[in-house]
Undergrad: 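Have a look at this one before I ask anything.
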There are 2 protein chains.
Amino acid sequence: MNIIAEQRRAKPRKGRKYDQVLDGAREVFLLSGFEGASVDDIARAAGVSKATLYSYFPDKRVMFTEMAERECSRQASAALQVIDMTAPPALVLRQTAGRLIRIMLSDFSQRIFRVCVAESDRFPELGQAFYDSGPALGRARIADYLRQAKARGEVAIEDFELAADQFAELCKADLWTRAVFGIQNRFSDEEIDRVIDGAVTTFLARYGLRD
Amino acid sequence: MNIIAEQRRAKPRKGRKYDQVLDGAREVFLLSGFEGASVDDIARAAGVSKATLYSYFPDKRVMFTEMAERECSRQASAALQVIDMTAPPALVLRQTAGRLIRIMLSDFSQRIFRVCVAESDRFPELGQAFYDSGPALGRARIADYLRQAKARGEVAIEDFELAADQFAELCKADLWTRAVFGIQNRFSDEEIDRVIDGAVTTFLARYGLRD
DNA sequence: TCCACTTTAAACCGATTGGTTCAGTTTCGA
DNA sequence: TCGAAACTGAACCAATCGGTTTAAAGTGGA
C-alpha cells in the first residue's frame with residue numbers, strides 16, 4: 001500500500017517518458033546552450049516525438065529550467081561525499097582538494113557551468129541555483145570541518161567562510177581556468193598533485209599551527 | 001608624407017565606419033551572446049545599414065571573432081598598469097589585489113568572460129585569446145615581480161607561476177563567483193577589503209620571510 | 001478483449017534568422 | 001564641382017525556429 005502510493009506520487013508527473021525527455025534536453029542544452037539548442041534536436045536526442053515533448057513541457061524555457069535544476073541538485077548530491085570530521089587537517093585538506101579538483105575538471109561540471117554562466121541573465125534563478133548547489137554547498141561543508149578542527153586546536157582561523165573560499169580557490173589555480181576555456185582538458189597526475197600540494201601547503205602556512 | 005602614408009595604412013580597412021560597426025557588434029554580442037544576437041540588432045546598434053555591415057564582414061562569425069579579439073587585446077592593454085618592481089611585497093600585493101579585483105568585477109570583464117566561456121567550443125581560438133590576454137598575462141606580470149622580490153631576498157618562492165596563480169585565485173574568493181552568476185554585482189569596500197586582506201596575509205604567510 | 005490514454009510522424013504555421021540585391025543618396029578627395 | 005566610392009533602406013530569399021494540429025498507431029490495465 002505504501003509502495004503503491006509512493007509510486008503514484010513519485011511519477012504522477014504525467015507519462016513514463018518524462019526522464020527520457022529531460023535526458024535528451026540535458027544532452028543538447030549542455031552541448032549547445034539555450035539558444036543554440038533546437039527543440040527538434042532535443043526530441044531526436046530524447047528518442048521522442050516533438051508532440052510528446054510538448055505534452056510534458058509548455059515551452060522551451062521551462063524545459064530548460066527544469067533540466068538545469070535537476071542537474072544542479074544532482075551535482076549537489078554528487079558532492080555530498082562526506083568529510084571525515086575527526087581526521088587531521090593535512091589529511092582532510094589533501095583529500096578534499098583531490099575531490100574538488102576532480103569534480104571541477106569533469107566534463108559535466110564544465111558544461112553545466114558554461115550554460116549557467118551564459119544563461120544567467122536570461123534565467124536569473126539559474127545562477128543562484130548553481131551557486132547554491134555547488135560553491136556555496138562546498139564552502140559550507142569545508143567551513144564546518146574547519147570549525148571542528150579549530151575546536152580541537154588544530155587550526156587558527158577567525159573567518160571560516162573566507163578560509164573555506166580561499167582553499168577552494170587555491171585548488172583551482174590555473175587548472176580550472178585552462179579547462180573552462182578549452183585550452184586543456186586532460187590533466188596529468190603530476191599537474192594535479194602540484195596544485196594540491198601548493199594549496200594545502202599555502203593554506204596550512206596561514207592557518208595551521210606552528211610546530 | 002609619412003603621416004598620409006600612415007593614415008592610408010591605418011585604415012585601409014575599407015570604409016570609415018569599421019570601428020563603428022565593431023562597437024555595435026560588441027554592444028549586442030556582449031549582451032546577448034553569439035546565437036542570441038541578431039545581425040539586424042547589430043546594424044541598428046551600430047547605426048549602420050545591414051548592407052554596409054556585410055561589406056565589412058563576410059558573415060556573422062568573423063564579425064564575432066574580430067570583435068572578440070579586439071576586446072581581448074583591449075583588456076590586455078588595460079591591465080598593462082605597471083607594477084612597481086622595487087616596492088616591498090606587502091605593498092605591491094595589496095595594490096595588485098585591488099586592481100585585479102576591480103578589473104575582475106567590472107561589468108565589461110564579466111560580460112566578455114561570459115561570452116568567451118559560452119562560445120569557447122564554437123570558437124576554439126576564442127578561449128585561448130581571452131586566456132592569453134587576461135589570466136596568463138596577469139600571471140606573467142605577477143611572476144616577474146615575485147622573481148625580482150626573491151632576488152632581493154624578500155620572498156621565498158620556488159614555483160613562481162604557481163605562486164602567481166595562487167595569489168590571483170585568492171583575490172577571487174567568493175566575490176568573483178557571486179558576480180559571475182549574477183547573485184551580486186555591487187560590492188562594498190568592506191567586502192573587498194576583507195578579501196584583499198585575506199589574500200595578502202595568506203600569501204605572505206606562505207611565501208613571506210619569517211620576521 | 002476492449003477502451004482510455006499515450007505516443008508517433010509529418011505536415012503545417014507564422015515569425016525570425018543570416019544573408020543578398022539594388023536603386024538611390026551621401027560623402028569626400030582631387 | 002565632379003565623379004567614384006561608400007552608404008542607405010527596404011525588399012527579398014531560403015532556411016530554421018518554436019510551437020500546433022491531426023489522424024493513425026501503440027500501450028496497458030481491468
Side-chain angles (χ1 to χ4, degrees), chain A residues 1 3-5 7-8 10-29 31-68 115 118-119 122-123, chain B residues 1 3-29 31-68 115 118-119 122-123:
Chain A
M1 181 86 145
I3 298 176
I4 296 177
Q7 282 178 343
R8 249 190 226 133
K11 47 155 113 174
R13 207 122 188 198
K14 297 175 179 170
R16 339 142 213 164
K17 306 201 166 183
Y18 183 81
D19 292 329
Q20 195 175 330
V21 171
L22 273 191
D23 286 344
R26 176 186 59 185
E27 183 184 327
V28 180
F29 277 134
L31 199 71
S32 312
F34 179 74
E35 293 271 2
S38 89
V39 177
D40 292 80
D41 285 347
I42 294 173
R44 201 176 309 118
V48 147
S49 82
K50 216 160 67 150
T52 305
L53 192 152
Y54 273 104
S55 81
Y56 289 142
F57 302 96
D59 61 29
K60 194 186 176 187
R61 280 186 65 94
V62 325
M63 212 164 98
F64 180 78
T65 60
E66 213 130 332
M67 164 263 160
V115 169
E119 249 51 79
R122 220 187 310 257
F123 301 87
Chain B
M1 183 87 146
I3 298 174
I4 296 176
E6 179 137 359
Q7 283 178 344
R8 248 190 226 130
R9 212 178 310 120
K11 48 156 107 172
R13 210 120 186 199
K14 295 178 181 167
R16 341 143 210 165
K17 306 202 167 182
Y18 183 81
D19 292 327
Q20 196 176 330
V21 171
L22 274 191
D23 286 344
R26 175 187 59 185
E27 182 185 327
V28 180
F29 277 135
L31 199 73
S32 313
F34 179 75
E35 294 272 1
S38 91
V39 178
D40 292 80
D41 285 347
I42 294 173
R44 200 176 307 118
V48 147
S49 80
K50 216 160 69 150
T52 304
L53 192 152
Y54 273 104
S55 82
Y56 289 143
F57 303 96
D59 61 28
K60 192 187 177 186
R61 281 187 62 96
V62 326
M63 211 163 97
F64 180 78
T65 60
E66 214 130 331
M67 163 265 160
V115 168
E119 251 44 88
R122 219 188 309 256
F123 301 88

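No experiment lies behind these values; they were computed from the predicted model shown. Numbers restart at 1 for each chain; the letters A, B, ... are given by sequence-line order, proteins then strands.
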Undergrad: Can you tell me how far C1' of D:dC7 sits from OH of B:Y56, to the nearest Å?
TA: 8 Å
Undergrad: Give me the atom names and distance for the closest heavy-atom approach of A:A25 to A:M63.
TA: CB-CE, 4.4 Å
Undergrad: Under the rule for side chain to side chain donor-acceptor pair (under 3.5 Å), what residues qualify as partners of B:D23, not counting sequence neighbours?
TA: B:R70
Undergrad: Which protein N or O atoms sit under 3.5 Å from an N or O of nucleotides 25-29 of chain C?
TA:
from   : atom 1 : to    : atom 2 : distance (Å)
C:dT27 : O3'    : B:R16 : NH1    : 3.4

Undergrad: Taking only residues two or more places apart in sequence, or in another chain, which ones meet A:Y54 in a ring-ring contact (aromatic ring centres under 6.0 Å, His included)?
TA: none
Undergrad: Using the ring of each side chain (for Trp, its six-membered ring), is B:F29 parallel, tilted or perpendicular to B:F34, with breaks at 30° and 60°?
TA: parallel
Undergrad: Once you build an axis from the first five pairs and another from the last five of the helix from C:dT1-D:dA30 to C:dA30-D:dT1, how far apart in angle are they, to 10 degrees?
TA: 30°
Undergrad: Measure OH/A:Y18 against P/C:dT6 and give the value in whole Å, please.
TA: 16 Å
Undergrad: To the nearest Å, give me how far apart CG (B:D40) and C1' (D:dA11) are.
TA: 13 Å
Undergrad: Can you list the residues that meet the side chain to side chain donor-acceptor pair (under 3.5 Å) rule with B:T52, with sequence neighbours excluded?
TA: B:S49
Undergrad: CG of B:D59 versus C1' of C:dT17: gap in Å, rounded?
TA: 14 Å
Undergrad: To the nearest Å, give me how far apart CD (B:E35) and P (C:dT16) are.
TA: 17 Å
Undergrad: How close or far is atom P of D:dG18 from atom CG of A:D41, stated in whole angstroms?
TA: 8 Å
Undergrad: If you take any heavy atom closer than 4.0 Å to DNA chain C, which residues from residues 44-52 of chain B end up in contact?
TA: B:K50, B:A51
Undergrad: Scan for salt bridge (charged side-chain N to carboxylate O under 4.0 Å, His left out) pairs involving residues 47-65 of chain B, sequence neighbours excluded, and state none if there are none.
TA: B:D40-B:K50
Undergrad: Output all residues satisfying side-chain contact (heavy atoms from CB on, under 4.5 Å) with A:V21, sequence neighbours left out; order by chain, then residue number.
TA: A:V48, A:L53, A:Y56, A:F57
Undergrad: What is the separation between atom NZ on A:K60 and atom P on C:dT16, rounded to the nearest whole Å?
TA: 15 Å
Undergrad: Starting from P on C:dT8, measure out to CG on A:L53 and report it in whole angstrom.
TA: 10 Å
Undergrad: What's B:A43 touching, base or sugar-phosphate or nothing? Going by heavy atoms closer than 4.0 Å.
TA: nothing
Undergrad: What closest approach, in Å, do B:I42 and B:G24 show between heavy atoms, and which atom pair accounts for it?
TA: CG2-C, 4.1 Å
Undergrad: Using side-chain heavy atoms (C-beta onward) and a distance below 4.5 Å, is B:T65 in contact with B:V62?
TA: yes
Undergrad: Report the residues that fulfil side chain to side chain donor-acceptor pair (under 3.5 Å) with A:E35, sequence neighbours left out, ordered by chain and then residue number.
TA: A:R122
